[in-house]
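Heads up, the thing below is written out as structure tokens.
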Amino acid sequence: KAGVTQTPRYLIKTRGQQVTLSCSPISGHRSVSWYQQTPGQGLQFLFEYFSETQRNKGNFPGRFSGRQFSNSRSEMNVSTLELGDSALYLCASRVDRGRSEQYFGPGTRLTVT
Amino acid sequence: GDSVTQMEGPVTLSEEAFLTINCTYTATGYPSLFWYVQYPGEGLQLLLKATKADDKGSNKGFEATYRKETTSFHLEKGSVQVSDSAVYFCALSSNSNSGYALNFGKGTSLLVTP
């Protein structure tokens, strides 16, 4: 079974621009979550989607948004990019049954200049 | 709120040495506990998990036991290899009516030398 895939793997954007990242979960997984990883703050939860609805949200500004499609694929968008948004963005999926675990994709490395 | 504290790295060991990476947690309710590993340039890989007190998770020679009395989930391996060099993250799941999220520790970098 294919793992979680994320595109693109690398992005370079300029401050003030916006960016969209894409994630395809493992087949059959309906819950998709996004995390931001930086050297200073570590791994931080952004949001979780299930059945096209945002079910949980971390402590990030409104510039960070996401959505999920009917096939469970998800996108996250960051508007008005700031230098501090440079990070590895990780997508994770889970079956969403009982105490099932999350599986992570390889991440998208975003650099804001 | 829920949180995870793990020992600071980097940890440097010789091949075949014994590994312990300490992890303690604070949580309401009964979270599941996880160890993830991250190799350079890659995402996180699930190493092992435990879903209730006294459960022992194990995989690839690594073990960790969910200790509710000490709120700990220490990672151990009897004999490390150079290929084990990576960053290890302890995490707990917060699963409530408001959804699911993982809380991670800061990560512990492990370097194993030949």
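Bear in mind the structure is a predicted one, so any value in this text is a computation, not a measurement. Note that these values count all heavy atoms, side chains included, but never hydrogens, waters or copies made by symmetry.
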Does the ring center of [X] lie less than 6.0 Å from the ring center of [Y]?
X        : Y        : result
B:Tyr36  : A:Phe104 : yes
B:Phe104 : A:Phe45  : no
B:Phe89  : B:Phe34  : no

Problem set entry | Which portion of B:Leu102 sits near chain A, non-hydrogen atoms under 4.5 angstrom |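 Both backbone and side chain.
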Exercise. By a 4.5 Å heavy-atom criterion (distance strictly below it), what part of B:Gln38 contacts chain A: side chain, backbone, both, or neither?
Worked result: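 Contact with chain A is through the side chain of B:Gln38 alone.
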Exercise. Among A:Arg109, A:Gln6, A:Gln102, which has the most heavy-atom pairs under 4.5 Å with chain B?
Worked result: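 So the answer, after comparing A:Arg109, A:Gln6, A:Gln102, is A:Gln102.
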Exercise. When only pairs under 4.5 Å are counted, which of A:Gly42, A:Pro106, A:Gly107, A:Cys91 shares the most heavy-atom pairs with chain B?
Worked result: A:Pro106
Exercise. Does the cation-pi check pass for A:Arg55 over A:Phe50, that is, NZ or CZ under 6.0 Å from the six-membered ring centre and within 45° of its axis?
Worked result: yes
Please state whether the side chain, the backbone, both or neither of [X] comes within less than 4.5 Å of a heavy atom of chain B.
X       : result
A:Gln37 : side chain
A:Arg9  : side chain
A:Leu46 : neither
A:Phe47 : neither

Exercise. Does B:Glu16 CD have over 12 foreign heavy atoms under 6.0 Å away?
Worked result: no
Problem set entry | Option from B:Trp35, B:Phe73, B:Tyr88 for which ring pair (Phe, Tyr, Trp, His ring centres under 6.0 Å) with B:Phe62 holds |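 Per the ring pair (Phe, Tyr, Trp, His ring centres under 6.0 Å) rule, the option paired with B:Phe62 is B:Tyr88, out of B:Trp35, B:Phe73, B:Tyr88.
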